[in-house]
Structures are given as structure tokens and as C-alpha cells.
Amino acid sequence: MVVLVTGSSGQLGQSLQFIAPNYPQIDFVFCDSKTLDITNLENCNQVFDQYKPNFCINAAAYTAVDKAESEFEKAFAINVTGVKNLAQVSKKHDTILLHISTDFVFDGSKTKPYIETDIPNPTGVYGQTKLDGEKVIQQIWEKHFIIRTSWVYSQFGNNFMKTMLRLASERDTISVVNDQIGTPTNAVDLAEILVKIILTDNRQPTTDNFGIYNFSHEGQCSWYDFAKKIFEINNISINLLPIPTTSFPTPAKRPAYSVLDKSKIKSIFGLEINNWEESLKTI
Ligand SMILES: NC(=O)c1ccc[n+]([C@@H]2O[C@H](COP(=O)([O-])OP(=O)(O)OC[C@H]3O[C@@H](n4cnc5c(N)ncnc54)[C@H](OP(=O)(O)O)[C@@H]3O)[C@@H](O)[C@H]2O)c1
């Protein structure tokens, strides 16, 4: 079984590379943005022709949430045109496409966890391009799994956890917003879930499981709670101050609440998901 991974040098891409040796039955092909530029249809066709993947995990994305506000064209090229190219070549090769989307497709006005059928309403360019990417897949190629996730962190790449650890080495006091509520997701756990979906799907000649799924850990917290736990686990003593979002203005507006309901993925794939705090301790 051949599984092609795009964006292999990102956090999720590196997490997939990290777990790949545990799955000798899968022939992983890891492509970074130089080997496979998803915005280039010819490049996509050439790589799919060469490897003929059974599954493609799209870990490539434009993820700079604030920068996206002033780089719409770049964000659109990667998160919409690039995803459209992958959907088209996946259809041509009968490749099942696993694509990652985000809690930022929602506006955060709910007060209980978002389910897959809730109506998206992104508040910024990044969320809008990610939603448009979901839609192009749905229009082009039915054999897809779209996994919406949130607050991704890992030992790889850039993320909130690494920013907090860096800031703690530079400052005595750190202020973090405490009025945005969501759930962290360990990228390695997300990588494991993607492989589980592939292995489950591969056992079934036909499946009606395609569609959108939520995945994050269990529980919820604010960014302040997340930071507090990061410092606690790493035995870092620091003056951590909770602040409101209004005291930390950013170019992109973020959802105030984006906890995802995981009932669907748990029941269809028979998963047990651990709490975000337990998963953080494994890093
Ligand atoms: N990070 C989060 O908190 C978060 C939250 C919710 C959902 N997600 C979603 O989760 C997925 C994985 O995110 P991540 O945190 O792993 O992202 P990441 O670390 O920013 O990695 C994205 C990767 O995409 C690659 N890329 C960019 N343009 C490309 C192109 N044209 N062709 C091929 N590759 C390209 C980048 O390569 P270069 O570095 O070489 O440009 C980078 O390696 C994304 O779909 C993201 O939207 C992330």
C-alpha cells in the first residue's frame, strides 16, 4: 500500500515521518514542497504517475493565520488551488484523499462543541481558504476524508508550545489570552489517527465512511490554561498573566470558542481519545 504525504517538512508531515517506521505494511512516500508543489498541477500529475498512491495525506497548507490577512493570493493558491489539484489527480488515479482542515472554519459563536454538520462561518482569510479547500474536494472527488483539527502542536516545526518555551527562556513574565477556548492536538496523535483511518478503510473494499470528521483531544482549555500546563510539565517557573483578547490584538480575528465534538470519528473508527493534558505529557 502506497501512501503519499505532501508537505512532509511541516509539523504534521514530520509527525507522520516519525511514526512511519511503526507501519512496515505501508510504503510511505514523503514529499516536501520542493519535490511536490501542490499549486503546480503538472508536478502533482508527475508525482502521482510515478508513485501511483493508494492514499494521499495532504499535510501541505498555508498556515500563517495572521499573515494570510495580507497574503490572500498566496493562501488561496495553496489552500484552495493546491487542494483542487490534489483532488483532481486523486480522482484520476482513484487515490483516496485525506485532507486536514481546521476549527477556524467556525466563527466561535457556539457554546457547546462543534459537530461536523454545523454551518461554517470563518472570521479570517486563513479559515475562509481552508473552508474553500474543503468545498473543492467535496465537489471534485467523493473518496475523501476531511479531518478538522485544532491548536496543533508537536516537537516539530513552529507551534504555540515551542513559542511558549522559547519566550520562557527570554522573559520573566508572559501574558496569554484566557478568553479563547479550544482543544490542543498533538500532531503525532493526529498522524496516528490518519494511519488508523487508512488501515481501516483499506480493509473494506467499499466504504461509505467518506466525509468530514473532527479530531482533537478530549477536554477544553484557554490558551492561558494551555501555557500554564506547558510550564508545569516542563518545571518552568514563570510569571504567567491571563489577558483578554482585546489586550492582544491580531490581524486575524480568532474564534472565541472552537471545541470540536469527536463523537463521529470515535464511533466510526472505534477510537478512544485521550485528554489534552495527558497527551501533552508525552512530548
Ligand atoms: N497548526 C495548527 O495549529 C493547525 C490547526 C488546525 C488545523 N491545521 C491544519 O493542519 C495541517 C497541518 O498543519 P501543520 O501545522 O503541520 O502546518 P505547517 O507546519 O505550517 O506545515 C505546512 C507544510 O506545507 C508546506 N507547503 C506550503 N506550501 C506548499 C506547496 N505549495 N506545496 C507543497 N507543500 C507546501 C510547507 O512547506 P515549506 O515550509 O517548504 O513551505 C510546510 O512544510 C494543515 O492543513 C493546517 O491547516 C493546523
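Heavy atoms only: backbone and side chains are in, while hydrogens, waters and symmetry mates are out. Because the structure is predicted, anything quoted here is derived from the model rather than measured. We count ligands from 1, going down the list as the structure has it; atoms in each ligand are counted the same way.
The aromatic rings of Tyr114 and Tyr257 lie tilted to each other, with the angle between the two planes from 30° to 60°. The aromatic rings of Phe28 and Phe30 sit parallel, their planes meeting at an angle under 30°, below the 60° perpendicular limit. Taking the six-membered ring where tryptophan is involved, the planes of Trp223 and Phe160 are tilted, since the angle between them lies from 30° to 60°.
Look at Gly157 and you'll find every heavy atom at least 4.0 Å from all atoms of ligand 1. Note on ligand 1: Ser15 sits outside its first shell, no heavy atom being nearer than 4.0 Å. Using a 4.0 Å heavy-atom cutoff, Tyr153 is absent from the residues neighbouring ligand 1. Not a single heavy atom of Thr6 sits closer than 4.0 Å to an atom of ligand 1.
Residue pairs that meet the side chain to side chain donor-acceptor pair (under 3.5 Å) test with at least one member in residues 75-86, sequence neighbours left out, are Asn79-Thr129.
Ligand 1 has a nitrogen or oxygen under 3.5 angstrom from a nitrogen or oxygen of Gln11. Residue Tyr126 places at least one N or O, backbone or side chain, under 3.5 Å from an N or O of ligand 1. For the pair Ile78 and ligand 1, the shortest N or O to N or O distance does not fall below 3.5 Å. By the 3.5 Å distance cut-off applied to N or O atoms, Val152 is counted among the residues near ligand 1. Residue contacts with ligand 1: Thr149 is placed with no nitrogen or oxygen under 3.5 Å of a nitrogen or oxygen of the ligand (distance criterion only).
Applying the 4.0 Å criterion to heavy atoms of Leu12 picks out, from ligand 1, the atoms 12 (C), 16 (O). Here is the list of ligand 1 atoms found below 4.0 Å of a heavy atom in Ser101: 7 (C). Every atom of ligand 1 is numbered from 1 in the order shown, and the set under 4.0 Å from a heavy atom of Ala60 is 24 (O), 33 (C), 34 (N), 35 (C). Atoms of ligand 1 lying under 4.0 Å from at least one heavy atom of Thr39, given by number and element, are 31 (N). Close contacts of ligand 1 with Ala61, meaning ligand atoms under 4.0 Å from a residue heavy atom, involve 22 (C), 24 (O), 27 (C), 44 (C), 45 (O), 47 (O). Here is the list of ligand 1 atoms found below 4.0 Å of a heavy atom in Asp37: 30 (C), 31 (N), 32 (N).
With a 4.0 Å cut-off on non-hydrogen atoms, Phe156 does not touch ligand 1 at all. Contact annotation: for Lys130 versus ligand 1, heavy atoms closer than 4.0 Å belong to the side chain alone. Counting heavy atoms under 4.0 Å from ligand 1, residue Cys31 does not touch it at all. For Leu36, every heavy-atom contact with ligand 1 shorter than 4.0 Å involves the backbone, none the side chain.
Electrostatic pairing of Glu142 and Lys91 does not count as a salt bridge here, judged by no charged N lying under 4.0 Å from a carboxylate O. Electrostatic pairing of Glu232 and Lys229 counts as a salt bridge here, judged by a charged N lying under 4.0 Å from a carboxylate O.
With hydrogens left out, the protein atom closest to atom 39 (O) of ligand 1 is Ser9 OG, 4.3 Å, a heavy atom. In this structure, atom 10 (O) of ligand 1 lies nearest to the protein heavy atom Ile100 CG2, 3.3 Å. Shortest contact from atom 21 (O) of ligand 1 to any protein heavy atom: Gly10 CA, 3.2 Å.
By the rule that hydrophobic residues join a cluster once side-chain heavy atoms approach within less than 4.5 Å of another member, Val188 and Leu16 end up as members of one cluster.
Of the listed residues (Gly7, Ala191, Ser33), the one carrying the non-hydrogen atom nearest atom 37 (O) of ligand 1 is Ser33. For atom 18 (P) of ligand 1, the candidate residues are Leu16, Ile38, Thr63; the nearest heavy-atom contact is made by Thr63. Relative to atom 23 (C) of ligand 1, the option among Ser150, Ser8, Ala59, Gly133 with the closest non-hydrogen atom is Ala59.
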In sequence, state the C-alpha distance, the side-chain angles, and the governing distance for Thr185 and Thr149, and then conclude on side chain to side chain donor-acceptor pair (under 3.5 Å). CA-CA 7 Å; Thr185 304; Thr149 188; 3.2 Å; yes

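No donor-acceptor contact under 3.5 angstrom links the side chains of His217 and Asn186, judged on distance only. Counted by atom type alone, Thr123 and Asp107 present zero donor-acceptor pairs between their side chains at under 3.5 Å. Gln11 and Tyr153 share no side-chain donor-acceptor pair at under 3.5 Å. Between Glu42 and Asn45, the side chains place no donor N or O within less than 3.5 Å of an acceptor N or O (distance only, hydrogens not considered). Side-chain contact, Asn239 with Thr173: a donor N or O sits under 3.5 Å from an acceptor N or O.
You'll find the ring centres of Phe48 and His93 inside the 6.0 Å limit.
Cation-pi geometry between Lys264 and Tyr213 is met: the NZ or CZ atom falls under 6.0 Å from the ring centre, inside 45° of the normal.
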